[in-house]
Amino acid sequence: MDGLTAAATGSAPTMNAMDTSVLTSQALRPVKRLVAAYLALSVATLVAVVLLRDDSSIVDDAVWTRTVLVVTSAVFTYAFAAHAARGSRRAYLRLRLVTAVMLVAVVVIVALPGLFPVWLRVEQSVCGLLLLGVVIIANGRGVRAHFPVR
């Protein structure tokens, strides 16, 4: 119901599904940007690993495994953020779960000495900061309000 109809009938205007979808998309815009940066950094790191694959002091099996897993999780995380921005409650819950798990994994990787080369630990620290932003925003009251518990 538009404002004129509401005024004529004396009832309050209501938000339609389109308005709700736009508001949900706006609320998740910062999350999508952070996840896009996480995905871009992860892909760039994988490209660097491919280019440096012949230097075993820089790239070993653990680096390969970690970078492929991170890119894979970043792709899924972006898909979850995009679907959540369109109002999918399931995608929103998956986004919250995956980002929290990945953040914990990043903290462990950065904290454990000698597990990965310093350059990868620095890259993972940046990924961790991006994920921390996602976790804070996605779990905040402003975004959660768009996905009420049923």
Consider side chain to side chain contact (heavy atoms under 4.5 Å, CB included). Of Leu51, Val63, Thr67, which one does Leu46 pass it with? Thr67
Say whether Val68 and Leu120 are linked into one hydrophobic cluster, either directly or through other cluster members, by side-chain heavy-atom distances under 4.5 angstrom. yes
Give the minimum heavy-atom separation between Ile58 and Pro117, together with the two atoms involved. O-CG, 3.6 Å
Would you say the side chain of Phe76 lies within less than 4.5 Å of the side chain of Val98, judging by non-hydrogen atoms? no
I'd like to check the side chain to side chain contact (heavy atoms under 4.5 Å, CB included) partners of Val143; sequence neighbours left out, ordered by chain and number. Ala27, Leu28, Tyr92, Ile137, Phe147
Residues passing the side chain to side chain donor-acceptor pair (under 3.5 Å) test with Ser56, sequence neighbours excluded, are none
Taking atom CG of Asp61 as the centre, report whether more than 12 heavy atoms of other residues, nucleotides or ligands fall under 6.0 Å from it. no
How long is the straight-line distance from CG of Leu34 back to CG of Leu39, given to the nearest 0.5 Å? 12.5 Å
Contact list for residues 104-128, test side-chain hydrogen bond (donor to acceptor under 3.5 Å, both in side chains), sequence neighbours left out: Thr45-Glu123, Arg66-Gln124
Under the side chain to side chain contact (heavy atoms under 4.5 Å, CB included) test, residues paired with Val135 that sit two or more places apart: Thr99, Leu103, Asn139
With sequence neighbours excluded, what pairs up with Tyr38 under the ring-ring contact (aromatic ring centres under 6.0 Å, His included) test? none
List the residues meeting side chain to side chain contact (heavy atoms under 4.5 Å, CB included) with Ala91, not counting sequence neighbours, and say none if there are none. His83, Ala84, Ser88
Using a cut-off of 6.0 Å, state whether more than 12 heavy atoms not belonging to Arg90 lie near its atom CZ. no
Who else is in Val101's hydrophobic cluster (ILVMFWY, side-chain heavy atoms under 4.5 Å, direct or via others)? Leu97
Do Arg33 and Leu130 come close enough that some side-chain heavy atom pair is under 4.5 Å? no
Given side chains that start at C-beta, do those of Gln26 and His146 come closer than 4.5 Å, heavy atoms only? no
Output for pair (Asp55 CG, Asp60 CG), nearest 0.5 Å, gives 10.5 Å
Hey, quick one: are Leu129 and Val104 part of the same hydrophobic cluster, counting side-chain heavy atoms closer than 4.5 Å, chains of contacts allowed? no
Of all the heavy-atom pairs spanning Arg144 and Ala138, show the shortest one and how long it is. CG-O, 4.1 Å
My understanding is that only residues two or more places apart in sequence, or in another chain, count here; which of them pass side chain to side chain donor-acceptor pair (under 3.5 Å) with Asp54? none
So which residues get pulled into Val122's cluster when ILVMFWY side chains under 4.5 Å apart are joined, directly or through others? Val118
Qualifying residues under ring-ring contact (aromatic ring centres under 6.0 Å, His included), relative to Tyr78, sequence neighbours excluded: none
Could you tell me if the side chain of Arg53 sits less than 4.5 Å from the side chain of Trp64, heavy atoms only? yes
Same apolar cluster (I L V M F W Y, side chains within < 4.5 Å links), Val49/Leu69: no
Taking side chain to side chain contact (heavy atoms under 4.5 Å, CB included) as the test, write out the residues that go with Leu115, two or more places apart. Leu112
